[in-house]
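Order of the sequence lines fixes the chain letters, A, B, ..., with proteins taken first and strands second; residue numbering starts at 1 for each chain.
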Amino acid sequence: MKKVRTRFPPSPTGHLHIGGARTAIFNWLLARHEKGEFVLRFEDTDRVRSRQDFVDSILQSLEWLGIDWDDGPYFQSERYSIYEEYLQKLLDTGHAYYCTCSQETLNAKRKAAMERGEKPKYDGTCRDKGLPKTEGAVVRFRSPLTGITVVNDVIKGMVSFDNRELDDLIIQRSDGSPTYNFAVVVDDITMKINTIIRGDDHLNNTPRQILLYKALGYPVPVFGHVPMVLGSDRKRLSKRHGATSIAAYKEAGYLPQALVNYLVRLGWSHGDQEFFTIEELVEKFSLENIGHSAGIFNPEKLLALNKEHIMASDPQTLAPYLKPFLAQYRIKVTDDAYLCRAISTLQTRSKTLLDMAKGSLFYFVDHITYEEKAARKFLQPDILATLELLLQKLGTLPDFTEESLKNVFTDMMEETGLKLGSIAQPVRVALTGGTVSPGIFEIMEVLGKKRVTSRLKAAIDYIR
RNA sequence: GGUCCCAUCGUCUAGCGGCUCAGGAUACUGGCCUCUCACGCCAGAGACACGGGUUCAAAUCCCGUUGGGACUACCA
C-alpha cells in the first residue's frame, strides 16, 4: 500500500477560518494516523485578492493549532512554468483548444440561455475552429460530450455525473494564468497527492478534475468530500455569524487543542466520546466515521469543551498560554511556580484563558483595589475585631497550608460564634478585592503569609 | 431554473434490520453539595421531516414528497 499523501490548499484571500481549519485538520489527522505525509500549498493564482499578510496569518494559525507539514509551503504563483508544460500536453493531444470568445458575448449568451430556461454553459463556438494562439485568447478543456463520470467518494459513496452537464471550462486565462480546476489537478499530480479530503462544495468540481486527470494520463486520487460547516441560520459560515477566523478564537482565550477537538467532533465521531486529546485524535481518526450531513457551528459547545480542556490540562502546560493574557493587564510573571499554583486554583472556574487571566489578577497586583459594592457590604467596622484576631492567629501559625488555615478558621468560628461565611467573605474582599474567587483557604495558601498579612492590614486600615 | 449532496432532541451526535416506547454531549429547568463563584452529583423536559413500499420485524433498506445546503465565473 502506498503511503498516504494529503494536502491543505488555502487561498490567501483571507484569514484561516473555521471551515478551512477543519479540512486542514482532517487532512493532517489522516496523514498522521496513516503515518503518511501532509503537504501545504497556497493557491494564489488570483493575484488581485491574494495577499502576503494573509499567507502569514494562515501560517500562524496553523502553527498555533499544532498542524505541521512535511512538504511545502508551495505557491502556485511560482509554478506557472509547470502549468504551461501540462497545458501544452493537453493542447498537443487535442484535449484543449484556444478560444477567442469575449467575456461580453459569453455573458450575453449565458443570460439568454438562462432566460430560455436552459443551462448557462459554454456553447462550444471555438471548440472545433482549430484557432492558433493569439493575444488575449483563453484555453479551454475539450470536455467529452457523452458518457458519465463517476466520483468514487470515500465519504459520499458513488456519485455519478452526466458529462453533458459539464462544459468546456477555461483552464488558462487570457493573461496566461491557470484557473483553479486546472492548477489543482496539475499540483496534485506533481506533488503526488493521492488522497484529497475537502469540503463538499467541491464535489461538483470533481468530475471536471477527474476528466483532466484522465486527459493528462494520470491515476485519479482518492476523493473524500466532508460536509460543510454552517452558521446558526444554516447558511455558509460568514462574518455575520460572529467570529469565524481561527485567530479570533486564539485572542478570545481558547486553547488550540479544544478548538481542534471541537472542530473534529463537528462531523466526525467515535461512539459517544466527546473529549479527545490531540494524540487520541491521531490514534482514532478515520474517514469511515465522518458524517454525511452539514453541521452548524455552535460556539456554546466549543466554550464548554474549552472549559473541559482547561480543567484537564496541567498548570505547567497552561502557563505559557496564559501569560500573553496576563500581559494584556500589564502583568509580567516572574515566578512560574507561583503562577502554576495560582492557575490550579482557577482551572475549575475558567471557561477561557481570558477568564482565567481576569480571575487571577489579584494574585499579581501589589495593592488590592476593592470593588465598591463588595467593600461597602463586607469591609465594615463590625468585622474589625475578627480581622485583627485572624491576623494575630496567622502571625503565630507555623505552616501556611490549606489544612492549618482551615483549622485557624474553625477556631475563629468557635471563639467568635460567627459562621464561616461571615468570616470568609470579608477576608475574601480583603485579599482579592471582590466577592468571587477560588476557595478562601486555597488562595491564602497560594498567596502566602506575607501577602495575606499585608492585605489584611491594608483592609483594617481601610475600615478605620 | 439545472446538476449534485444531505435529513435522529434547539445544536453536535450514537444507532449501521430485531438488544432502543432511541443513548451520550451541550444548552435549558429543578434539587443536592457549599466560604463566594465554579467543579461535582441527582432529576426533568426535549428528536427518528412526511408519505408510500420491502420485510415476520425499519430510525436503520428502496421510491416519492417536503425542507435545507452546495455548485452552476477568465473566484478558489
Legend entry - Matching residue for A:Asp167 among A:Arg127, A:Arg140, A:Arg208, A:Lys109 - test: salt bridge (Lys or Arg N to Asp or Glu O under 4.0 Å):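 Single salt bridge (Lys or Arg N to Asp or Glu O under 4.0 Å) partner of A:Asp167 among A:Arg127, A:Arg140, A:Arg208, A:Lys109: A:Arg208.
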Legend entry - Sugar-phosphate, base or nothing in reach of A:His202, heavy atoms under 4.0 Å: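 Contact class for A:His202: base.
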Inset, instruction - Identify whether any heavy atom of A:Gln103 sits under 4.0 Å from a base atom; if not, whether one sits that close to sugar-phosphate; answer base, sugar-phosphate or nothing. - result: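 Base, at least one base atom sits under 4.0 Å.
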Inset, instruction - Quick one, give me the B/S/- string for nucleotides 9-17 of chain B, reading 5' to 3', where B means a protein heavy atom under 4.0 Å from the base and S means that only happens at the primed atoms, P, OP1 or OP2. - result: -BBBSS---
Say we look at [N] and [M]: how far apart would their [atom1] atoms be, to the nearest angstrom?
N: B:C48; M: B:U20; atom1: C1'; result: 11 Å
N: B:C56; M: B:C42; atom1: P; result: 44 Å
N: B:G10; M: B:C32; atom1: C1'; result: 27 Å
N: B:G68; M: B:C16; atom1: P; result: 31 Å

Looking at [N], I'd like to know if its phosphate oxygens (OP1 or OP2) sit under 4.0 Å from a side-chain N or O belonging to [X].
X: A:Arg198; N: B:A70; answer: no
X: A:Lys307; N: B:C39; answer: yes
X: A:Lys235; N: B:G69; answer: yes
X: A:Arg236; N: B:G69; answer: no

Legend entry - Geometric class of the A:Phe441/A:Phe409 ring pair [parallel <30°, tilted 30-60°, perpendicular >60°]: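 Because their plane-to-plane angle is over 60°, the rings of A:Phe409 and A:Phe441 count as perpendicular.
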Inset, instruction - Return the nearest nucleotide to the side chain of A:Leu420; candidates are B:A76, B:C35, B:C37. - result: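 The nucleotide sitting nearest to the side chain is B:C35.
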Inset, instruction - Compute whether any side-chain donor of one residue and acceptor of the other, for A:Tyr262 and A:His309, lie under 3.5 angstrom apart. - result: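 Judged by distance alone, the side chains do not pair up.
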Inset, instruction - Could you check how far CG of A:Asp46 sits from C1' of B:A73, rounded to whole Å? - result: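 The answer, rounded to whole Å, is 11 Å.
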Inset, instruction - Mind calculating the distance between CG (A:Asp200) and P (B:C5) to the nearest angstrom? - result: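 In whole Å, B:C5 P and A:Asp200 CG are 10 Å from each other.
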Inset, instruction - First locate atom CZ of A:Arg236, then atom CG of A:Asp201, and finally report the distance between them rounded to the nearest 0.5 Å. - result: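 A:Arg236 CZ to A:Asp201 CG: 4.5 Å, rounded to 0.5 Å.
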Inset, instruction - Within residues 430-437 of chain A, find the residues that approach RNA chain B with a heavy atom at under 4.0 Å, and present them sorted by residue number. - result: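 Under 4.0 Å from RNA chain B: A:Thr435, A:Val436, A:Ser437.
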